[in-house]
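Everything below concerns the one structure shown next.
Computation of the quantities below employed the complete heavy-atom set of this structure, encompassing side-chain atoms and omitting hydrogens, waters and symmetry-equivalent molecules. We name chains A, B, ... by the order of the sequence lines, and we start the count at 1 in each one.
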Number of protein chains: 2
Amino acid sequence: MSKASAKTSKSASNAAIVQAALEKLRAAGLRPTKQRIALGALLFDGRDRHVTAEALHDEVRGAGADVSLATVYNTLHQFTEAGLLREVVVNAGASHFDTNVGAHHHLYYADSGELHDVDATDVRIEGLPAVPRGAEIERVDVIVRLRRR
Amino acid sequence: MSKASAKTSKSASNAAIVQAALEKLRAAGLRPTKQRIALGALLFDGRDRHVTAEALHDEVRGAGADVSLATVYNTLHQFTEAGLLREVVVNAGASHFDTNVGAHHHLYYADSGELHDVDATDVRIEGLPAVPRGAEIERVDVIVRLRRR
DNA sequence: CAACAGTTTAGAATTACTCTAATGTACTGC
DNA sequence: GCAGTACATTAGAGTAATTCTAAACTGTTG
Ligand SMILES: [Mn+2]
Ligand SMILES: [Mn+2]
Ligand SMILES: [Zn+2]
Ligand SMILES: [Zn+2]
């Protein structure tokens, strides 16, 4: 594979991903700026990802885009409000933003910080108390904390 | 009730709580210092409590003891390591330290920050994937996030 | 009660994140 | 195409929670 063709095929697949990101942004009523497209292209490529603001910032800059950390935070929160991401808190240090917005739970490797999804349709939780009056459930999170043996 | 007798009875019940805290510390191999006893007396009075470092700091100083914030943090972590407390992370802002160290889950009121315990013996979680090889479960947390309706 | 290990503390440092206010850019209507 | 405007980005300052440092203090042991 020549350098040129590699570059071309990379550009081609990028173009499709960028296009998809752009459409997601429009559908969410967010202006498709250069920065939001760059971040969206990394986040909305079909994989289930769990990113930290810092990690995503490093990643987007590594990919050649010039996006400030403030914009990464702004964008992660806007995406979350738009329902394109979900915020997951597993440790006191930092929030993780999750590209899987369906009902699911997590396996958390405390030592590496890795998060893995567990589809919620397979999981039944029984014996929880009745929802207190005047309150409603926003979400139920199950976190299985794992340790390497 | 006279001022004097109120003071006496308060001192008497305090003495019992202080004594219990002191024994807990010795059993855990922690030197029973003035600061650790003051914090222990607040934490180990039999109630199930969920405190933040800042809140406990305010509380212990309100009770007349002179304990620095650094010591509150040190002590909360030492108590946690000793199994006298457990750390609960429900929001990105701050850690909560839980005096209930038995197996249990939480109801979390997102708006007020309140945490309520749900005994784990009543709760069955089915359909979780097998524990990955090379890993073992350290703990399973269920957090029911509630919103006022 | 001396000696030492363990503890406390003020204040500086770090980390994750938010805010401010100035500059830049995407959309709308012409 | 080209304002005009509302929205977006950003550097850098600010904040909140927590940790670190290193000097002073205290509980325990012999
Ligand atoms: Mn947030
Ligand atoms: Mn901790
Ligand atoms: Zn997930
Ligand atoms: Zn609890």
Look at the rings of B/His104 and B/His50 and say which category their plane angle falls in: under 30° parallel, 30 to 60° tilted, over 60° perpendicular.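 Tilted, since the angle between the ring planes falls between 30° and 60°.
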Kindly point out which of [options] is positioned nearest to the side chain of [X]?
X: A/Thr33; options: D/dA17, C/dC27, D/dT9; result: D/dT9
X: B/Arg31; options: C/dC27, D/dT28, C/dC17; result: D/dT28
X: A/Asn74; options: D/dT9, D/dC7, D/dT18; result: D/dT9

Could you check how far [atom1] of [X] sits from [atom2] of [N], rounded to whole Å?
X: B/Leu69; N: D/dT18; atom1: CG; atom2: C1'; result: 8 Å
X: B/Gln78; N: C/dT9; atom1: CD; atom2: P; result: 12 Å
X: B/Phe79; N: C/dT8; atom1: CZ; atom2: P; result: 9 Å
X: B/Arg36; N: D/dT26; atom1: CZ; atom2: P; result: 14 Å
X: B/Leu25; N: D/dT26; atom1: CG; atom2: C1'; result: 15 Å
X: B/His57; N: D/dT19; atom1: NE2; atom2: C1'; result: 15 Å
X: A/His77; N: C/dC17; atom1: NE2; atom2: C1'; result: 8 Å
X: B/Asn91; N: C/dT18; atom1: CG; atom2: P; result: 12 Å

Evaluation steps, ring-ring contact (aromatic ring centres under 6.0 Å, His included), between B/Phe97 and B/His77: CA-CA 9 Å; B/Phe97 291 86; B/His77 286 129; 5.6 Å; yes
Between B/His96 and A/Gly29, name the one whose nearest nucleotide on DNA chain D is closer to the 5' end.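 Nearest nucleotide further toward 5': that of A/Gly29.
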Regarding A/Arg147 and the six-membered ring of A/Tyr109, is the cationic atom NZ or CZ under 6.0 Å from the ring centre and inside 45° of its axis?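 Judged by the rule, A/Arg147 and A/Tyr109 form no cation-pi pair.
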Under 6.0 Å between the ring centres of B/Tyr73 and B/His57?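 Not close enough - the centres of the two rings lie 6.0 Å or further apart.
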Tell me whether the OP1 or OP2 atom of [N] has a side-chain N or O from [X] closer than 4.0 Å.
X: A/Thr71; N: D/dT10; value: yes
X: B/Tyr73; N: D/dT19; value: no
X: A/Gln35; N: C/dG24; value: no

Select base, sugar-phosphate, or nothing to describe what B/Ala94 touches, counting heavy atoms under 4.0 Å on all strands.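 Sugar-phosphate, no base atom in range.
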For a ring-ring contact (aromatic ring centres under 6.0 Å, His included) check, start with the C-alpha distance between B/Phe79 and B/Phe44, then their side-chain angles and the critical distance, and finish with the verdict. CA-CA 11 Å; B/Phe79 285 7; B/Phe44 309 131; 5.3 Å; yes
